[in-house]
Undergrad: 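Have a look at the structure that comes next, please.
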Amino acid sequence: MEWLANKLTSCLLRHDVIDEAEQELYCFGFQSGLEMVACHLAILAVAAYLHRIPEYLLFSLVFVPIRSYAGGLHLPKFSQCFICSCAVVAVVIFLSEKLELSSPISAAATAVMLFILFLLRPVDHENRPVDEDEQHFFSYKLRRAILGIGILTAVLYLTGLNHYLVLVMLTLASAIISMFVGKWLQYRRRGIRAQIAEDD
């Protein structure tokens, strides 16, 4: 994916579509986008095979905007990210079938998770650090996504679609776990760098 992202970025540079200063940003964007598309196509194929297309679509509807604006765990290799993403979707869909919770409990748990997301600061990525203005932009977009998911949760609750309500709850839980792990790894890396700097 990195090779293809570099090729696409080089093509834009050759045709003067972007400046050389933007090369790294575009390369990162292409690579992230290509990896995301590959993951979603693979998971969509599995969901189709298991006759779980609606569950996959609902998972994506909730997870993608949260992940896009809140960030989360980034693994060093695409293969690791691919396997982890497929596993997370499979586990969430499987658990949503097996987990028996009442609608009020699912809705209340979802509301708590949305509140947690509202309070959390988006996770910065070391390969794509964002400035304060971008942090405000991502926070604004994240809060709009939270509002949309809140409305969706209310609709699912009022229509009695508890299976999908549980799916939304589990999807939010996976996004929050990804954020916390991403933040923990971020602080750990910074601590290691600070220790190395002190040793030098």
Side-chain angles (χ1 to χ4, degrees), residues 32 35-75 77-123 138-188:
S32 299
E35 290 174 355
M36 187 186 301
V37 168
C39 284
H40 280 287
L41 288 176
I43 298 166
L44 180 60
V46 173
Y49 177 76
L50 297 173
H51 306 290
R52 293 290 181 268
I53 295 286
E55 285 84 351
Y56 164 74
L57 292 176
L58 182 58
F59 176 92
S60 299
L61 182 67
V62 173
F63 189 83
V64 170
I66 296 296
R67 173 69 178 193
S68 298
Y69 300 120
L73 174 63
H74 290 274
L75 297 172
K77 294 182 180 178
F78 168 65
S79 58
Q80 295 171 342
C81 183
F82 182 83
I83 293 168
C84 183
S85 298
C86 292
V88 167
V89 177
V91 167
V92 167
I93 290 175
F94 175 78
L95 287 179
S96 71
E97 294 280 347
K98 301 296 181 184
L99 198 59
E100 295 183 7
L101 295 174
S102 66
S103 293
I105 290 175
S106 299
T110 300
V112 169
M113 290 180 200
L114 288 173
F115 183 67
I116 291 170
L117 285 168
F118 182 82
L119 295 177
L120 288 175
R121 181 182 172 90
V123 182
F138 288 146
S139 294
Y140 169 73
K141 288 289 188 179
L142 177 60
R143 286 169 183 173
R144 289 190 64 179
I146 289 168
L147 176 62
I149 295 167
I151 293 169
L152 173 64
T153 299
V155 170
L156 293 174
Y157 178 78
L158 293 172
T159 52
L161 296 172
N162 192 46
H163 164 61
Y164 294 111
L165 192 57
V166 171
L167 181 70
V168 170
M169 179 194 75
L170 293 171
T171 302
L172 290 173
S174 66
I176 290 170
I177 291 169
S178 175
M179 283 185 74
F180 277 119
V181 174
K183 284 178 179 290
W184 177 75
L185 289 175
Q186 184 184 69
Y187 291 130
R188 189 172 171 222

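None of these values were measured; they are calculated from a predicted model.
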Undergrad: Please tabulate, one pair per line, all N/O donor-acceptor pairs under 3.5 Å involving side-chain atoms of residues 143-151, not counting sequence neighbours.
TA:
none

Undergrad: Taking side-chain contact (heavy atoms from CB on, under 4.5 Å) as the definition, give me every residue that meets it alongside Leu95, ordered by chain and number, with sequence neighbours left out.
TA: Val91, Leu170
Undergrad: Of all residues at least two apart in sequence or in a different chain, which pass the side-chain contact (heavy atoms from CB on, under 4.5 Å) check with Leu44?
TA: Ile53, Tyr56
Undergrad: Of all heavy-atom pairs between Leu165 and Ala107, which one has the smallest distance, and what is that distance?
TA: CD2-N, 4.0 Å
Undergrad: In Å and rounded to the nearest 0.5 Å, what is the CG to CG distance from Leu58 to Leu161?
TA: 10.0 Å
Undergrad: Specify the closest pair of heavy atoms between Leu117 and Leu142, including all atoms of both residues, with the distance to one decimal.
TA: O-CD2, 3.8 Å
Undergrad: Rounded to the nearest 0.5 Å, how far does CG of Leu167 lie from CG of Leu99?
TA: 11.0 Å
Undergrad: To the nearest 0.5 Å, how far apart are CD1 in Ile43 and CD1 in Ile93?
TA: 8.0 Å
Undergrad: Going by side-chain contact (heavy atoms from CB on, under 4.5 Å), name the residues that satisfy it together with Val64, two or more places apart in sequence or in a different chain.
TA: His40, Ser60, Ser68
Undergrad: Set out, in order, the CA-CA distance, both residues' side-chain angles and the distance that settles side chain to side chain contact (heavy atoms under 4.5 Å, CB included) for Leu152 and Leu61, then state yes or no.
TA: CA-CA 10 Å; Leu152 173 64; Leu61 182 67; 4.2 Å; yes
Undergrad: Mind jotting down which residue pairs meet the salt bridge (charged side-chain N to carboxylate O under 4.0 Å, His left out) criterion with at least one end in residues 149-163? Sequence neighbours excluded, please.
TA: none
Undergrad: Quick test of your reading: applying salt bridge (charged side-chain N to carboxylate O under 4.0 Å, His left out), list the pairs with at least one residue in residues 56-75, sequence neighbours left out, ordered by first then second residue.
TA: none
Undergrad: Given side chain to side chain contact (heavy atoms under 4.5 Å, CB included), test Val88 with Phe59 step by step and report yes or no.
TA: CA-CA 10 Å; Val88 167; Phe59 176 92; 4.2 Å; yes
Undergrad: List for me each residue that meets ring pair (Phe, Tyr, Trp, His ring centres under 6.0 Å) alongside Tyr157, sequence neighbours excluded, and say none if there are none.
TA: none
Undergrad: Does Ile177 have any side-chain contact (heavy atoms from CB on, under 4.5 Å) partners at least two apart in sequence or in another chain, and if so, which?
TA: Val181
Undergrad: Please enumerate all residues that pass side chain to side chain donor-acceptor pair (under 3.5 Å) together with Ser103, with sequence neighbours excluded.
TA: Asn162
Undergrad: Can you pull out every salt bridge (charged side-chain N to carboxylate O under 4.0 Å, His left out) where at least one residue sits in residues 40-60? Sequence neighbours excluded, please.
TA: Arg52-Glu97
Undergrad: Identify the heavy atoms of Thr110 and Ser106 that sit nearest to each other, and give their distance.
TA: OG1-O, 2.8 Å
Undergrad: Quick one: do Ile105 and Met169 satisfy side chain to side chain contact (heavy atoms under 4.5 Å, CB included)? Show the steps, please.
TA: CA-CA 10 Å; Ile105 290 175; Met169 179 194 75; 5.9 Å; no
